[in-house]
Number of protein chains: 2
Amino acid sequence: MTTENFANVTLTTKASVYFDGKCVSHGFTLADGTKKSVGVVLPATLTFNTGAAEIMECVGGHCEYKLAGSNEWKNSGPGEKFSIPANSSFEIRVTEPYHYICHFG
Amino acid sequence: MTTENFANVTLTTKASVYFDGKCVSHGFTLADGTKKSVGVVLPATLTFNTGAAEIMECVGGHCEYKLAGSNEWKNSGPGEKFSIPANSSFEIRVTEPYHYICHFG
């Protein structure tokens, strides 16, 4: 079961474009002030750094990810989540567009 | 003056990915039911077909566009809009990410 939409949000119209467009996201804010983003990772292998802790929730497609300090690639598909600590990083390997919600904190 | 955000919308979490990711958009719905999308065109020259008429509003970056039946490339930058008739097409030429709001009808 994936989260198909969020109601009553404020959406930022300009995207964030990372890695020459291999990742594109749009930020939004819930009524209670919580910030999240929705985005896509296109086929690529990328390394993301975190500031705040993040939870990545897959809403379409699929990825493999490897957290900093781990040697293990794990899978994440629709409805699945994985957590990344603050001030850390993870590698992500994508062969079909990976659609996600990024939850912070 | 660009439209920086939309309040009180329902956001679809899964993106639409066109042209192998050269265009990525997220759909959303206003409180009154009006559907729009926000997206990015990455550096490329692409041809888009319209079903409903569209208004493309630039919220960051820049593009050149040429409507079906025209030989003239025109510029569109932040705060600027252009209209495409229903059941038509336009070419778009982008050298830096072009961020847009797509208004329908």
Side-chain angles (χ1 to χ4, degrees), chain A residues 1-44 46 55-63 76-81 94-103, chain B residues 1-44 46 55-63 76-81 94-103:
Chain A
M1 187 73 181
T2 61
T3 305
E4 294 186 0
N5 51 60
F6 281 93
N8 195 23
V9 307
T10 298
L11 174 64
T12 301
T13 58
K14 189 174 178 181
S16 296
V17 177
Y18 305 100
F19 301 107
D20 288 330
K22 290 299 183 187
C23 177
V24 171
S25 75
H26 280 88
F28 63 99
T29 308
L30 303 186
D32 69 2
T34 305
K35 290 184 185 303
K36 299 181 187 290
S37 66
V38 285
V40 179
V41 180
L42 299 169
L46 305 172
I55 297 169
M56 295 288 282
E57 177 181 350
C58 181
V59 293
H62 173 262
C63 79
S76 190
E80 297 179 337
K81 300 177 183 179
V94 168
T95 55
E96 57 174 316
Y98 166 75
H99 298 250
Y100 67 86
I101 304 162
C102 180
H103 310 269
Chain B
M1 187 73 179
T2 61
T3 305
E4 294 185 358
N5 51 61
F6 281 92
N8 195 23
V9 307
T10 297
L11 174 64
T12 300
T13 57
K14 188 173 178 181
S16 297
V17 177
Y18 305 100
F19 301 107
D20 288 330
K22 290 299 183 187
C23 178
V24 172
S25 74
H26 279 88
F28 63 99
T29 307
L30 304 186
D32 70 2
T34 305
K35 291 184 183 301
K36 298 181 187 291
S37 66
V38 287
V40 179
V41 180
L42 299 169
L46 305 172
I55 297 169
M56 294 288 283
E57 176 181 350
C58 181
V59 294
H62 173 263
C63 80
S76 189
E80 297 178 338
K81 299 178 185 179
V94 168
T95 56
E96 58 174 315
Y98 165 75
H99 299 251
Y100 67 86
I101 304 163
C102 179
H103 309 269

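Lettering follows sequence order; numbering is per chain, from 1. What you see is a predicted model; the values in this text were computed from it and never measured.
- When heavy atoms are compared at a cutoff of 4.5 Å, Leu11(B) approaches chain A by way of both its backbone and its side chain.
- Only the side chain of Phe28(B) comes within contact range of chain A, with heavy atoms under 4.5 Å apart.
- Rounded to the nearest 0.5 angstrom, Glu4(A) CD and Thr10(B) OG1 are separated by 12.5 Å.
- Put simply, the side chain of Val17(B) reaches to within 4.5 Å of the side chain of His99(A), judged on heavy atoms.
- Side-chain atoms of Thr95(B) and Pro43(B), non-hydrogen and from C-beta on, never get closer than 4.5 Å to each other.
- In terms of heavy-atom pairs under 4.5 Å with chain A, the best-connected choice from Val24(B), Thr13(B), Val38(B), Thr29(B) is Thr13(B).
- The line from CG of Leu46(B) to CG of Asp20(B) is 10.0 Å long, rounded to the nearest 0.5 Å.
- If you tally non-hydrogen atom pairs under 4.5 Å between each of Gly60(A), Gly21(A), Pro97(A), Ala15(A) and chain B, the highest count goes to Ala15(A).
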